[in-house]
Number of protein chains: 2
Amino acid sequence: MDLNERKLKILQAIVQDYIQTAEPIGSRTLTKRYNIGVSPATIRNEMADLEDLGYLTQPHTSAGRIPSDKAYRLYVDYLLQMKKIASFQRDSMKTNLLKRFGELEDVLQYSSKILSELTNYTSIALAPQIKGSRLKHIQLVPIDNEHIIAMIVTDTGVIKKPLLRFSGGMDFDYTQKVSALLNEKLAGLTFQDIEQKLVKELKEEAHQFSSIIQTIVPEVFKTLEEIDDFELFLNGTTNIFNFPEFSDIFRAKSFLTMLEEKSLISNMITSTEAEGLTISIGSENPFHQAKDCSLITATFKLEGNTMGWLSVIGPTRMDYSHVISVMEQISSYINQLLKNR
Amino acid sequence: MDLNERKLKILQAIVQDYIQTAEPIGSRTLTKRYNIGVSPATIRNEMADLEDLGYLTQPHTSAGRIPSDKAYRLYVDYLLQMKKIASFQRDSMKTNLLKRFGELEDVLQYSSKILSELTNYTSIALAPQIKGSRLKHIQLVPIDNEHIIAMIVTDTGVIKKPLLRFSGGMDFDYTQKVSALLNEKLAGLTFQDIEQKLVKELKEEAHQFSSIIQTIVPEVFKTLEEIDDFELFLNGTTNIFNFPEFSDIFRAKSFLTMLEEKSLISNMITSTEAEGLTISIGSENPFHQAKDCSLITATFKLEGNTMGWLSVIGPTRMDYSHVISVMEQISSYINQLLKNR
DNA sequence: TATTAGCACTCTTTGTTGTTGAGTGCTAAC
DNA sequence: GTTAGCACTCAACAACAAAGAGTGCTAATA
């Protein structure tokens, strides 16, 4: 018993119907809505087979069938193979997105907003942690007698700005010299390298600035450590209320509570390694909280470094076709942006 | 017919009971739970009076009574008058809060998190817009040949960092001179002043830098304009699921949707002018979306300038006593912090 | 005169029961 | 191999009854 042409046809019809209606579908209704070419009785037999094979489940004996995660996986793989990317909204999106410049974080956040609006699902933007990235520029700026800001730009575009308390005062020229030295020594290195090896060396080498470097540099890193979470932006969280599977208050609650757990979400998203689109369906997700959800993640890379992630999360009964097409569009513009900065 | 001692006693009992149980309460139950000293029949008469006076309502004829917004208002005014501030958690909170330094925004955000955890309601932190505040420090930093970051520190502690595209390149010394000039001319002024009057003057005066100033300064302000929303931080949004009045999916949805409307929320919060705690109950709120909610807002000022807001939002049946006491605590520490920076 | 006991009445909530209809699996006929 | 027919299942819905918490009114009471 394998998946012949007819079984595939029936399965696809069921998946598509369920994505639209969220209702279990029976053999008779299927023949009415779709042109399968066989009678309900035959479909019933095929459905029983498909259930045995694990593609369909039945909420109760006298109900229709609903697709399993396995069925969605088949459907999605088929879709990805076809890659029938629609080309809607191309122009308006392009100009809007390209008009924005600035930090990658902003671009991701803005894209996430568009994404949730276009798909009506919840969208998540995630910027990488600073640790793995490379220092592009560091600049100490004295604010007043007691405070210095260390402005830090990385190759992933993240700009962190730890505010340091530094009693004793320091004038601009001095911070300028220190900044120049730090740039010279540290630019291009990863933060891990800097922290592990170079601070010591630097202290020894730069005698004339040893006091300030001993005070400031560890302080900068300590503060960075503290603020260095994954930055997570959510959009369209209330969209789940549009879906009947979340009209149960407990489901809605657990979904929204899951979204509030930043660490869980970022774990789930960053676990995707491959560049491009990754789809994980229902129980494929690493956390049980997400077992009724599908997560579509676009990973952005530049020269091997991960620059950020963009995700859509929704019910397993997700309109994969639509979401994939929108995400492919947005991804291509972001990649364009990444290459041209 | 006025509010005699006994009516007040009964009303207070009803309010307190309803805050705890969220169930309409009848005369008999009231006598059982509280020691009023009269029979249910008497209480019924008094309740009928209180209903006529607008302090109570009845969901239906054979149900108990629930307090109206007017009743909560009376209760809250009484509470504020008493100011029975409990002194729990004082020490742990103090050390935690004072350990944090840095931007006021961070302090507000962190406080909001504590606040939602301590009260189990939703908490909102709001930092002021940049427009009304004064420039404390501006520093242009060249990142590469095409980008300059303008780091801007204001007296409200907000640090904005618009990234500007500036083709042509500019070396550090040059940006340094320009920064110094801008600081000299602009520090201490409000952004409105700068924008309206001074840009023109500056252009004329500073001949040697006229080209860059003509290019950069308007660009900085344009970018500021774009990013200058109220910064709004939400915490504990899913806490509403704990309250039976939001166990209806539509209520929950409309509450959460309201929270997503940043402009509405910030309008509601910033409409409070007075320093200290402001409470608006149910229909007292300016927006109908919030007519089932109470909003308790702490406004922080320093020398007349509003530095930020901290709010708790929840059902009108809010545990005012508890929330007020927690907010008084946190506010006092934030004020302490503000004065000592 | 203010308070209270008693009573009839109201209305929601909860549980029961029957009906409907969409769906199934199985069998026998085509 | 496919399909018509049939008995069966089960959720959803509506109708109905009973329970229970509450009310307002009236008459008795302190």
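Convention: sequence-line order gives letters A, B, ...; per-chain numbering from 1.
- For the residue pair Ser123(A)/Ser112(A), the side-chain donor-acceptor check at 3.5 Å is satisfied.
- Taking for each of His60(B) and Asn45(B) the nucleotide of DNA chain C with the nearest heavy atom, the 5'-most of the two is the partner of Asn45(B).
- The NZ atom of Lys7(A) sits 10 Å away from the P atom of dT2(D) (whole-angstrom rounding).
- No salt bridge links Asp69(A) with Arg73(A); every basic N to acidic carboxylate O contact stays at or beyond 4.0 Å.
- A sub-4.0 Å separation between OP1 or OP2 of dT23(D) and a side-chain N or O of Arg65(B) is present.
- Side-chain atoms of Thr29(A) lie closest to dA22(C) of the nucleotides dC11(C), dA22(C), dT3(D).
- Remark: C1' of dA22(C) and NZ of Lys32(A) are 9 Å apart, rounded to the nearest angstrom.
- An OP1 or OP2 oxygen of dA4(D) is reached within less than 4.0 angstrom by no side-chain nitrogen or oxygen of Arg28(A).
- When heavy atoms are screened at a 4.0 angstrom cut-off, Thr42(B) is found touching base atoms of the nucleic acid.
- Nucleotide dG25(C) holds its P atom 9 Å from the CE atom of Met47(A), rounded to whole Å.
- Between Ser294(B) and Ile281(B), the shortest heavy-atom distance links the atoms OG-CA, 3.4 Å.
- Salt bridge Arg65(A)/Glu51(A): present, at least one basic N to carboxylate O contact under 4.0 Å.
- Atom CD of Gln58(B) and atom C1' of dG24(D) are 10 Å apart (whole Å).
- Whole-Å rounding puts the Arg44(A) CZ to dA7(D) P distance at 15 Å.
- Atom OH of Tyr75(B) is separated from atom CG of Leu11(B) by 10.5 Å, given to the nearest 0.5 angstrom.
- For dT10(C), the base has a donor-acceptor partner in the side chain of Ser62(B) [N/O atoms by modelled type, under 3.5 angstrom].
- Not one side-chain nitrogen or oxygen of Ser27(A) sits closer than 4.0 Å to the OP1 or OP2 atom of dG23(C).
- Note on Ala41(B): a base of the nucleic acid sits closer than 4.0 angstrom, heavy atoms only.
- Nucleotide dT23(D) holds its P atom 10 Å from the CD atom of Glu51(B), rounded to whole Å.
- To the nearest angstrom, P of dT24(C) lies 13 Å from CD of Glu46(A).
- When the P atom of dG21(C) is taken as reference, atom CD of Glu23(A) falls 17 Å away, rounded to whole Å.
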